[in-house]
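A quick write-up on the structure given underneath.
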Protein chains: 2
Amino acid sequence: MKNILDKNELNSLKNCPLFNDVSIEEITRNVINVGWYKKNYCKNSIVLDLKDDFKGIAILLSGEITVNIFYENGDRLPLRYIKPSEVFGLSYFLSSDNNETLTFITNTTCNVLIINEDSLLKLLKSSSIILQNCLNYMNNRIRFLISKIIFFNLSNNQQKVCHFLLNECSKASSKNCCLNLPKTTLCEYLGIGRTSFYRELNVLAKKNAIKMNNNGNITIHPEKLIDILKGKYS
Amino acid sequence: MKNILDKNELNSLKNCPLFNDVSIEEITRNVINVGWYKKNYCKNSIVLDLKDDFKGIAILLSGEITVNIFYENGDRLPLRYIKPSEVFGLSYFLSSDNNETLTFITNTTCNVLIINEDSLLKLLKSSSIILQNCLNYMNNRIRFLISKIIFFNLSNNQQKVCHFLLNECSKASSKNCCLNLPKTTLCEYLGIGRTSFYRELNVLAKKNAIKMNNNGNITIHPEKLIDILKGKYS
């Protein structure tokens, strides 16, 4: 737990959604004022362990983390992947019970900045921009979780793949979508097996809803994918 | 759109999570200062319609609303039920795109107070308590959505019913749980048919994990339900 931020770490903070439109000088002044600490984690460790009785938020300075839901029977559902500059642990912030169900596991060695609850509240009161960024961020988390619920309730793998491709395509604002997660990670994320995933891609290609290019990119025909989702063309 | 709040309406605001520990005088002063409006809706209307280009939040003063997700193929997934004093429409607040997927439909005639985005930001800056309440509320929504994701990913109806009963039981802090939603609403909420729901209850009763009492209440044996969820006793 060192209390100094180097240039790379400050850069990660600069790109953090909490500090949109805030200068590095202001970040340093504001964050140093409110108090925080850094923590290093080895690969495959649990971050923000419940046993630490943690309350606050964390920002990933370097490394990669998977957010998981673990079920009583041992099943694991990966919910999202955290990259440097991202905020996480919001569900611990301001929560009155310890009944937490998300588990943060490091995929690499990780360097994490932790701001506890009191400090975060002080930070939000000290700056209108940071407050608005924080509300915005929480709001994006709400929207992300709603989109996950929509996704998980789709009735079959074909619909899941269609929905996923349309989403990727709208994020890229282009009909040419490049799947930039490793295939295994992607299947795990979609909650479907690798074989099923490729079968569905092939079915969609045969229906001319997508075209798989030699470079691994996929060209998308959004109207056809929407038709398939609507059940017009199953 | 009248700009006066009567006693009942003020009472609904008083019980709104945004105004926890805030006096009626302060609520009146703060809310009136920032600007808001009221809107009445008939039964079965859509509240906060996208076409209104709405940005902000809403508080239900009277009536009941269902929050729905509609799928491209017409399927409907009810996500939650809004009772008086509850806040809703957070996913419209601060959002930069119009790609909204929640539909709020009135179950009765409804009276809604609407605070637009600028006014809400002003309100949050004007009071530390309201700010903390708002963050707390957003946080609870995040936790609610995570719990929904956990629920929707359970693999079968028996696990869904177990999970639901354990949740009801922990909310009530008692082993005697009373299912206080109408049975049809309950099944719709759980996303399983009425027949399947009763079949699962009977199976759980036979396994001595629950006991159905004559008054409609259900006594729960949490350890047995957890064992069933763990797959120890399927």
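A, B, ... follow the sequence lines: proteins, then strands. Residue 1 opens every chain.
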Could you look at Ile69(B) and say if it's the side chain, the backbone, both or neither that has a heavy atom under 4.5 Å from chain A? side chain
Taking atom CD1 of Ile146(B) and atom CG of Leu102(A), what is their separation to the nearest 0.5 Å? 4.0 Å
Name the region of Ile142(B), side chain, backbone, both or neither, that has any atom closer than 4.5 Å to a heavy atom of chain A. both
Given side chains that start at C-beta, do those of Leu229(B) and Tyr71(A) come closer than 4.5 Å, heavy atoms only? no
If you count heavy atoms of other groups shown closer than 6.0 angstrom to NZ of Lys211(A), is the number above 12? no
Picking from Lys148(A), Lys125(A), Arg141(A), which has the most non-hydrogen pairs under 4.5 angstrom with chain B? Lys125(A)
Contacting region of Leu79(B) [heavy-atom separation from chain A under 4.5 Å]: side chain
Less than 4.5 Å apart, side chain to side chain, heavy atoms only: is that true for Ile149(A) and Leu77(B)? yes
Contact summary for Leu135(B) and Met138(A), nearest pair of heavy atoms: O-CE, 3.4 Å
